[in-house]
Amino acid sequence: MRVLFINRYYAPDQSGTSRMLTELAQDLARSGARVSVVASDGDSERPIRRHPPQETLDGVAVYRAPTWLRLRRIARGTIRGWVLNSLSFYPMALLYALHLPRHDVVVLMSDPPLLHLLGLPLRWCWGCRVVSWCQDLYPEMAVATGVLGERSIAARLLGALSRWGLSRADHAVAIGEVMAERLGRAGLARERIDVIHNWADGGRIFPVPAERNDFAREHRLDRSFVALYSGNMGVGHHFHTIVEAARRLQARRDITFLFIGEGKRRAWLAHEARDVSSVRFLPPQPDAQLACSLSAGAAHLVTLQPGLEGVMVPSKLYSALAAGRPVIFIGPPASEAARLIEKAACGYIVAPGDVGGCAAALTALADSPEAARRLGENGRRYFDEHLDRRLAAERFSGLLGRVRCSPVRPSAPKRLFDVALSGAGLLLSAPLWAAIAALIRLEDGGPVFFRDRRVGQGGREFDALKFRTMVPDADRTFGPLQARAGDPRVTRMGRLLRATAMDELPQLWNIFTGDMSFVGPRALRPVEVEARAASVGAMSLFEIPGAGRRLAVRPGLTGLAQIHAPRDLIRRHKFRYDLLYIRRSSFWLDLRLILTSFWITVTGSWERPTRPLWRKRGR
C-alpha cells in the first residue's frame, strides 16, 4: 500500500502536528507500507531555516515544497503574514504531490487550514482514496480565539469551504469523540468518521522514580511538589487561572510551578507571572530527556480555552498519562480532555476562572502523595490500554487498509464527462445508426436492436442496448453463452460490427441516461454463469470473489478487461482487471482507456487476442 501524507511541517520540525505525523509515518513504513510526505521546506519555530528539498528519513520519502522565505519571517508576527504563508503552501503542495507516482491513499492534515480541499483534484487525477485527519477544526478555532467574528463573512465562507471539503473525503479521522460529534453536526456521515486519539510513545515516556531522575536533581526540583506545564504555550490554552492559583499559593514554599516549552503566549505568561516567585520557566527538552523531565512533575497542568471543546485536544494530556502523573485539567467540562480524565480516573477537572478550585486540587495532591500516586497509576494503566503509540499505529493501519479497498465514491467530473461525450456522440453518429440499421435488416430481416438485461451499479438491473450481431433469438436457442472466436451464432454483419465495436454504439444512450459509464467493468447478465468441472457444475458469476465489489461502480462501455484481457479468458480471471480498475480509477485513466479504445476501433483490432497492460510509472 502506498500512502501519501500532506502537512505543512514534518521532522525535524517540533510542532505538534509534525511530531504526530512523523511518528505515524515511521510506524507505517516499518509495518511495510510505502510512505511519502509532502511538507514545506520551512520550520515552525525558526523561519529562516530551510530543510532539504528531498530526503529519506527512517524509511519515509519526504518532499518539501518551497515557500517564500519572506512570508515565513512575517508569518509568526502577523495574521496577514500567516495567511499569506498558508496560501503559498496549497498550490506548491498540490504540484509536488501530482509529480509523485500514484498513491493508493492520501491523508490530508489540518495545517494549514482547509488543506483537505486538495483531496478533490488529487482524486480526479489519481483516483486515490482521500482521508482528512483533523487535528483541529477551522474556522471554529479562529472564532474561539477571537481572530474571526462568529457571524463574519470570512467565518461563514471558511465554514462552508471546510464542510464542503470534508464531505468530499472518503473518510475523516477525529482525534476525539467530541470532535466526531461536531463533524456529525456539520453534516459528515457518522459511518465515515473514525475516532483515533493522539498518543504518546509509552516506550520513550514512562514514570521515572525520583531517586533516578537526574533532570529533577539538576534543576533542584526533587525537594518540592512540582506543578508542571510541558508543551506548547499557544493561543488555544488557558493560563490566567494557573497564574492566579500560583499567586494564591505563594506562601506554600513546597509548591513550584514549572513551565517547559515555547509558544506564542510564553512572553505574555512570563510577564503576568513576573512577581510570583514560585513560577519557573525552562526551554523545550530533547526527546531523550522527556521521560525524566515529564516525571519531574508531581502533577501535570493541562489547559484549554473555553469554546474549543471538540475543536482541538491538548496533546500534552497523553504525555502526562504516559509519565504516570495525576492531571489537573483547566478547561471546559464537556471537552475531550475532561472525558478522558473521567474515564481514566486520573485527576481533577477545574473550570476556567475557578482559581480556588485549581489551588484546592494542587493542595490536595501536595498534601497526599499516596493519593497522587494512585491517580498517576490509573492514568498510566488507561494509557497502556488505549492511548499508546503502538495502538494508534495499528488503528491507522487498519483504517487505511479499509479505505483503500472501499467502494469508489461517485465522481462528478466523470459523470459530467459521460453526459457531454455521450450526448455529442448521439448527435454525430445519427447517420451511422441509420446505415447500420439498414444493413442489419437487409441481411436477415430480423430486429435491429438487441436488448440485453444487465446488472448495474448497486445491483439495479437495466436494458443494455446493442445492434444485433447474432441470428434472431440466439440466446433462446443456444443459451446465454459468452461469445467466442468463430461463434456460429454471429452474422456476417455482426462480425464486422464486433470487430469495430460498433455493435455497442447504442449504449451511448445507456451512458447518457446514467445506467452505464464510458469506462468501467463489463455489465453482467443476472443469470450469467461460468462452466466449471462436471462434478461441480456451473457457477453464477455473482458468486465469484470480487463480483460484489464490481457493483460499487457503473458498468462501462470499455475498460481494462475489455481492452487488455484475452476474449476467451475465463470470467473469474477477467475480474482481476475489473478490480484493478476499481482500485485505481481516475479521470485521467478513464481518458487514456477511451483514447485506446478509439484507436482499436479505428484500426479494427478488437478481435486481437490480448494486449499488454499500459503501465504507468509508479503503478
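The chain is numbered in sequence order, starting from 1.
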Distance in Å, [X] [atom1] paired with [Y] [atom2], rounded so as to fall on 0.5 Å steps:
{"X": "Tyr138", "Y": "Leu161", "atom1": "OH", "atom2": "CG", "answer": "15.5 Å"}
{"X": "Leu301", "Y": "Phe257", "atom1": "CG", "atom2": "CZ", "answer": "7.0 Å"}
{"X": "Ser162", "Y": "His116", "atom1": "OG", "atom2": "NE2", "answer": "4.0 Å"}
{"X": "Leu375", "Y": "Arg325", "atom1": "CG", "atom2": "CZ", "answer": "12.0 Å"}
{"X": "Asn232", "Y": "Arg266", "atom1": "CG", "atom2": "CZ", "answer": "12.0 Å"}
{"X": "Asp104", "Y": "Arg404", "atom1": "CG", "atom2": "CZ", "answer": "4.5 Å"}

Check [X] against [Y] and note the closest heavy-atom contact, atom names and distance.
{"X": "Ser40", "Y": "Phe89", "answer": "N-CE1, 3.5 Å"}
{"X": "His197", "Y": "Leu340", "answer": "CE1-CD2, 4.0 Å"}
{"X": "Met141", "Y": "Gly236", "answer": "CE-CA, 4.5 Å"}
{"X": "Thr241", "Y": "Pro352", "answer": "OG1-C, 3.8 Å"}
{"X": "Trp199", "Y": "Tyr318", "answer": "C-CB, 3.8 Å"}
{"X": "Phe281", "Y": "Ala270", "answer": "CZ-CA, 3.7 Å"}

*asked:* Can you list everything that forms a side-chain contact (heavy atoms from CB on, under 4.5 Å) with Asp58? Sequence neighbours excluded, please.
replied: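 Asp58 satisfies side-chain contact (heavy atoms from CB on, under 4.5 Å) with Gln26 once adjacent residues are dropped.
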Is [X] salt-bridged to [Y], going by a charged N under 4.0 Å from an acidic O?
{"X": "Glu140", "Y": "Arg185", "value": "no"}
{"X": "Arg247", "Y": "Glu244", "value": "yes"}
{"X": "Asp367", "Y": "Arg252", "value": "yes"}
{"X": "Arg217", "Y": "Asp222", "value": "no"}

Taking atom [atom1] of [X] as the centre, report whether more than 12 heavy atoms of other residues, nucleotides or ligands fall under 6.0 Å from it.
{"X": "Arg204", "atom1": "CZ", "result": "yes"}
{"X": "Gln250", "atom1": "CD", "result": "yes"}
{"X": "Arg190", "atom1": "CZ", "result": "yes"}

State, yes or no, whether a side-chain contact exists between [X] and [Y] at a heavy-atom distance under 4.5 Å.
{"X": "Met109", "Y": "Asp111", "answer": "no"}
{"X": "His103", "Y": "Ser36", "answer": "yes"}
{"X": "Ser230", "Y": "Leu294", "answer": "yes"}
{"X": "Trp164", "Y": "Leu117", "answer": "yes"}
{"X": "Phe329", "Y": "Leu317", "answer": "no"}
{"X": "Trp133", "Y": "Asn7", "answer": "no"}
{"X": "Asp287", "Y": "Asp201", "answer": "no"}
{"X": "Leu387", "Y": "Leu391", "answer": "no"}

*Mind running side chain to side chain contact (heavy atoms under 4.5 Å, CB included) on Ile6 and Tyr96 for me, showing each step along the way?*
CA-CA 10 Å; Ile6 303 180; Tyr96 266 62; over 6 Å; no
Backbone N or O of [Y] within a donor-acceptor pair of the [X] side chain at under 3.5 Å?
{"X": "Arg212", "Y": "Cys292", "value": "no"}
{"X": "Ser31", "Y": "Leu28", "value": "yes"}
{"X": "Arg248", "Y": "Val355", "value": "no"}
{"X": "Arg274", "Y": "His271", "value": "yes"}
{"X": "Thr145", "Y": "Val235", "value": "no"}
{"X": "Glu23", "Y": "Leu21", "value": "no"}
{"X": "Asp170", "Y": "Val130", "value": "yes"}
{"X": "Ser18", "Y": "Ala11", "value": "yes"}

*Parallel, tilted or perpendicular: which fits the ring planes of His219 and Phe215, with parallel below 30° and perpendicular above 60°?*
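Plane angle between 30° and 60°, so tilted.
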*Out of Arg380, Arg373, Arg374, Arg381, which residue meets the side chain to side chain donor-acceptor pair (under 3.5 Å) rule with Glu377?*
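Of the listed options, the one satisfying the test is Arg373.
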*Could you go through the side chain to side chain contact (heavy atoms under 4.5 Å, CB included) check for Gln135 and Met312 one step at a time?*
CA-CA 6 Å; Gln135 286 291 319; Met312 62 175 287; over 6 Å; no
_Suppose we screen for side-chain hydrogen bond (donor to acceptor under 3.5 Å, both in side chains). Which residues come up paired with Arg402, at least two apart in sequence or across chains?_
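Testing Arg402 for side-chain hydrogen bond (donor to acceptor under 3.5 Å, both in side chains), a comparison that skips the adjacent residues, returns Asp194.
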*Scan side-chain atoms only and decide if Ser295 and Asn213 contain a donor-acceptor pair under the 3.5 Å cut-off.*
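Judged by distance alone, the side chains do not pair up.
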*Could you check Ser277, Ser278, Ser224 and say which one makes a side-chain contact (heavy atoms from CB on, under 4.5 Å) with Arg253?*
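Among Ser277, Ser278, Ser224, the one meeting side-chain contact (heavy atoms from CB on, under 4.5 Å) with Arg253 is Ser277.
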*asked:* Could you walk me through whether Leu100 and Tyr63 satisfy the side chain to side chain contact (heavy atoms under 4.5 Å, CB included) test, starting with their C-alpha distance in whole Å, then the side-chain angles of each, then the deciding distance to 0.1 Å, before giving a yes or no?
replied: CA-CA 9 Å; Leu100 299 177; Tyr63 303 88; 3.5 Å; yes
*Please step through side chain to side chain contact (heavy atoms under 4.5 Å, CB included) for the pair Met179 and Leu137, ending with a clear verdict.*
CA-CA 8 Å; Met179 181 180 286; Leu137 300 181; 4.1 Å; yes
*What do you reckon, are the aromatic ring centroids of Phe239 and Tyr229 less than 6.0 Å apart?*
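Here the rings of Tyr229 and Phe239 have centres that are less than 6.0 Å from each other.
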